[in-house]
Protein chains: 2
Amino acid sequence: MAEQPKPGQPRPIPPRRPLTLRDVSERSGVSEMTVSRVLRNRGDVSEPTRQKVLLAARDLGYVPNRIAGALASQRVNLVGVVIPSLSNQVFPEVLQGISDVLEESGLQTVIGVTRYSLAREEEVLYEMLSWRPSGIIVAGLEHSDASRAMLAAAGIPVVEIMDVNGTPVDSMVGISHHLAGRRMAQTILTAGYRRIGFLGTKMPDDHRARKRLEGFEAALCEAGLTVEARDFYDGGSALQKGREMTAALLQRHPDLDFIYCSNDMIGAGGLLHCLEQGIDVPGRIGLAGFNAIELIQGLPRRLATMDSCRREIGRRAAEIIAAGRAGQARSGQVIELEPAILPGDTIRRA
Amino acid sequence: MAEQPKPGQPRPIPPRRPLTLRDVSERSGVSEMTVSRVLRNRGDVSEPTRQKVLLAARDLGYVPNRIAGALASQRVNLVGVVIPSLSNQVFPEVLQGISDVLEESGLQTVIGVTRYSLAREEEVLYEMLSWRPSGIIVAGLEHSDASRAMLAAAGIPVVEIMDVNGTPVDSMVGISHHLAGRRMAQTILTAGYRRIGFLGTKMPDDHRARKRLEGFEAALCEAGLTVEARDFYDGGSALQKGREMTAALLQRHPDLDFIYCSNDMIGAGGLLHCLEQGIDVPGRIGLAGFNAIELIQGLPRRLATMDSCRREIGRRAAEIIAAGRAGQARSGQVIELEPAILPGDTIRRA
DNA sequence: CTGAAAGCGCTAACAT
DNA sequence: ATGTTAGCGCTTTCAG
């Protein structure tokens with residue numbers, strides 16, 4: 001009497017124990033094994049049986065238990081993706097490229113975030129590997145020894161992405177940041193700039209930014225020049241910091257004629273500052289960033305930058321994993337993409 | 001030496017059976033059960049035995065199999081988080097709040113992205129529930145019937161976030177977007193603006209943006225006013241679109257004195273356009289966005305906006321899940337946060 | 001086409 | 001403090 005559900009509440013009472021194949025089996029009068037076959041579309045099952053099972057499963061609201069399934073079949077449709085951050089716009093774009101491809105292959109992306117810490121990366125990898133994924137994609141080539149050992153021992157495809165300046169555990173897909181820095185330096189020098197400053201982030205573990213700066217300085221050095229002034233920031237809005245740092249840098253070094261920024265947000269801040277101060281860009285001073293983020297499209301002037309091929313990197317990496325899973329042993333691949341310079345309106349035409 | 005892999009050629013992954021507890025057991029001479037205890041820090045184990053096990057596990061590079069562990073213990077330290085997008089800056093911030101709290105409780109965040117599609121949300125939820133997570137956090141209150149049924153039947157804590165204008169499956173944490181729109185309208189009216197336009201995104205499934213506009217219009221209506229002109233955009237850089245749409249809107253309706261934007265990026269684009277055109281902001285025209293994203297800190301003028309309490313929402317939602325797991329049945333909670341108005345410099349002082 | 005039996009690798013619950 | 005015994009819910013394998 002009191003147990004009777006009210007007419008207005010046709011929803012099934014949440015079961016105390018999650019449903020199992022057996023429940024569907026009993027409800028449909030079909031053996032567990034055949035139910036399993038129907039639910040996985042595997043093997044031949046007669047149409048009437050099939051319908052009975054599907055109906056019962058839907059009525060009950062059965063959701064299969066992948067934990068049991070994975071244990072029994074020794075197969076998991078998960079691919080781990082390890083990146084430093086989600087707030088950097090750049091990484092969601094890589095992820096997009098990855099999941100575009102993985103989805104087609106029926107693989108599920110699992111994301112892990114390291115906050116640019118190798119120690120945390122190690123934990124995240126351990127956690128991921130404990131779920132026995134079909135593959136791992138990890139940003140960067142710098143890892144702890146333990147992380148590298150884990151990855152090597154996992155016996156699954158591993159793709160390190162975004163950078164090719166180093167030795168991969170298995171495969172790698174990315175650009176040379178050393179070369180990117182070098183190319184930007186050459187472009188700047190060709191345009192006639194000579195007194196060059198740098199603004200970056202205080203991230204000791206952002207190895208890609210570090211490599212860009214190294215390549216940049218190497219190219220300047222070959223031309224007999226150096227980076228005359230540099231500043232690094234830590235935390236806060238990158239756009240705002242770009243403004244402040246540009247102001248501070250130009251105050252200290254009024255004769256700089258170019259500022260190379262480690263990313264587009266800093267560069268955008270610098271650009272806004274200069275325009276507000278009535279400083280002639282790119283005449284009096286030139287600016288460049290890195291990444292070609294979408295934001296720069298809406299700025300008063302198009303910031304010079306470089307395409308970091310994020311989407312493409314994601315896609316190619318995912319293809320390696322998907323192919324590896326399809327039986328084709330595609331390990332040990334090295335794919336280097338070409339980062340194009342987008343000169344925009346903040347570098348003088350040569 | 002014939003086995004030596006040529007560079008560039010697919011080198012086969014060393015065939016290896018993943019390590020099991022038994023391997024560690026044999027290597028250390030300790031029973032599987034005790035090894036398991038050591039690795040989980042559970043039960044009393046003598047220090048010498050403990051060390052032997054730890055050493056063996058490390059030597060072998062053993063990574064436990066959580067699939068088996070979860071099946072046996074009927075416990076999974078995973079919490080599913082379902083959000084529409086990762087490129088909207090806003091969602092990574094919610095995620096940050098969530099994982100801050102979950103990490104402390106030893107829970108792992110698993111992210112699913114719906115691309116603002118209810119059909120895809122349903123798939124993502126199904127996929128997640130099949131891993132039997134300890135809880136689910138999902139953005140928004142609008143779901144397919146099947147999704148709602150799944151969530152209700154899962155028998156785990158479910159928290160719907162970011163919105164409180166509706167009926168939750170279980171708990172909800174968010175702000176009233178209806179109220180947010182209304183409050184902004186009141187602020188604008190108090191400041192004396194009367195000819196008001198709106199710019200938004202063409203997202204039929206962004207229910208929160210829709211509710212804000214509804215609340216906004218309701219408040220205008222009560223004051224005997226209406227939104228005189230509106231435009232919606234689709235795809236592309238939001239900042240750039242904000243510029244273009246503002247230009248177009250002001251061209252068509254030169255006598256507008258305020259533009260309310262469905263988000264800060266659009267508003268920022270509008271602001272940049274106005275400043276470039278020498279239009280007096282906030283004198284000639286006022287502007288407002290929504291979300292209080294970090295970006296607006298670096299703009300030439302601080303855009304008026306509203307704090308959407310993202311971090312806090314994430315934290316509170318995660319706390320409900322963590323508490324629910326700790327045995328305290330905290331279901332059916334409703335937490336409404338207060339979205340503060342940040343008037344910035346783009347609304348006249350009353 | 002369908003079913004019965006035997007695990008997958010681990011842990012809960014008891015022994016000892 | 002350590003070992004033994006049963007499964008967890010599913011899939012593989014092999015028989016009907």
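Letters A, B, ... are given to chains in the order of the sequence lines, protein chains preceding strands, and every chain is numbered from 1.
Nearest-nucleotide mapping onto DNA chain D: of B/Glu47 and B/Ala68, the residue sitting toward the 5' end is B/Glu47. Map B/Gly43 and A/Arg42 each onto its nearest nucleotide of DNA chain D; the residue landing nearer the 5' end is B/Gly43. Where A/Arg50 and B/Ala70 each meet DNA chain C at their nearest nucleotide, the meeting point lying more 5' is that of A/Arg50.
Summarising the geometry of A/Leu141 relative to A/Arg148, their closest heavy-atom pair is O-NH1, 3.3 Å, with the distance given to 0.1 Å. The nearest pair of heavy atoms linking B/Ser105 to B/Ala322 is OG-CB, 3.5 Å. In terms of heavy-atom proximity, B/Tyr116 sits nearest to B/Asp205 at O-CB, 3.2 Å.
Note on B/Thr49: every side-chain N or O is 4.0 Å or more away from OP1 and OP2 of D/dA1. Taking side-chain N and O atoms only, B/Tyr62 has no distance below 4.0 Å to OP1 or OP2 of C/dG9. Contact annotation: B/Thr34 reaches the phosphate of D/dG3 (side-chain N/O to OP1 or OP2, under 4.0 Å). Considering only side-chain N and O atoms, B/Ser36 lies under 4.0 angstrom from the phosphate OP1 or OP2 of C/dT11.
Whole-Å rounding puts the A/Gln74 CD to D/dT13 P distance at 11 Å. In this structure, the CE atom of A/Met33 is 17 Å from the P atom of D/dG16, given to the nearest Å. The separation between B/Leu71 atom CG and D/dG7 atom P is 14 Å, rounded to whole Å. Rounded to a whole Å, the CZ atom of B/Arg17 is 8 Å from the P atom of C/dG9. When the P atom of D/dG3 is taken as reference, atom CG of B/Asp44 falls 14 Å away, rounded to whole Å. Counting to the nearest Å, the P atom of C/dA12 and the CG atom of B/Leu21 are 12 Å from each other. Across the protein-nucleic acid pair, A/Arg75 atom CZ and C/dG9 atom C1' stand 17 Å apart, rounded to whole Å. Following rounding to the nearest Å, A/Glu32 (CD) and C/dA4 (P) show an atom-to-atom distance of 10 Å.
At a cut-off of 3.5 angstrom, counting only N and O atoms as typed in the model, there is a donor on one side and an acceptor on the other between the side-chain of B/Arg37 and the base of D/dG3.
Within the structure, the salt bridge (charged side-chain N to carboxylate O under 4.0 Å, His left out) test picks out the following pairs touching residues 21-31 of chain A (sequence neighbours left out): A/Arg17-A/Asp23, A/Arg22-A/Glu26, A/Arg27-A/Asp59.
Between A/Thr109 and A/Glu103, the closest side-chain pair of non-hydrogen atoms is not below 4.5 Å.
Set against D/dT12, D/dT2, D/dG9, the side chain of A/Asn65 has D/dG9 as its closest nucleotide. In the set D/dT11, D/dC10, C/dT11, C/dT11 carries the atom at the smallest distance from any side-chain atom of B/Ser73. Comparing D/dG9, C/dT2, C/dA12 by their nearest atom to the side chain of A/Ala72 picks out D/dG9. The side chain of A/Arg40 has D/dT12 as its nearest neighbour among C/dT11, D/dT12, C/dC8.
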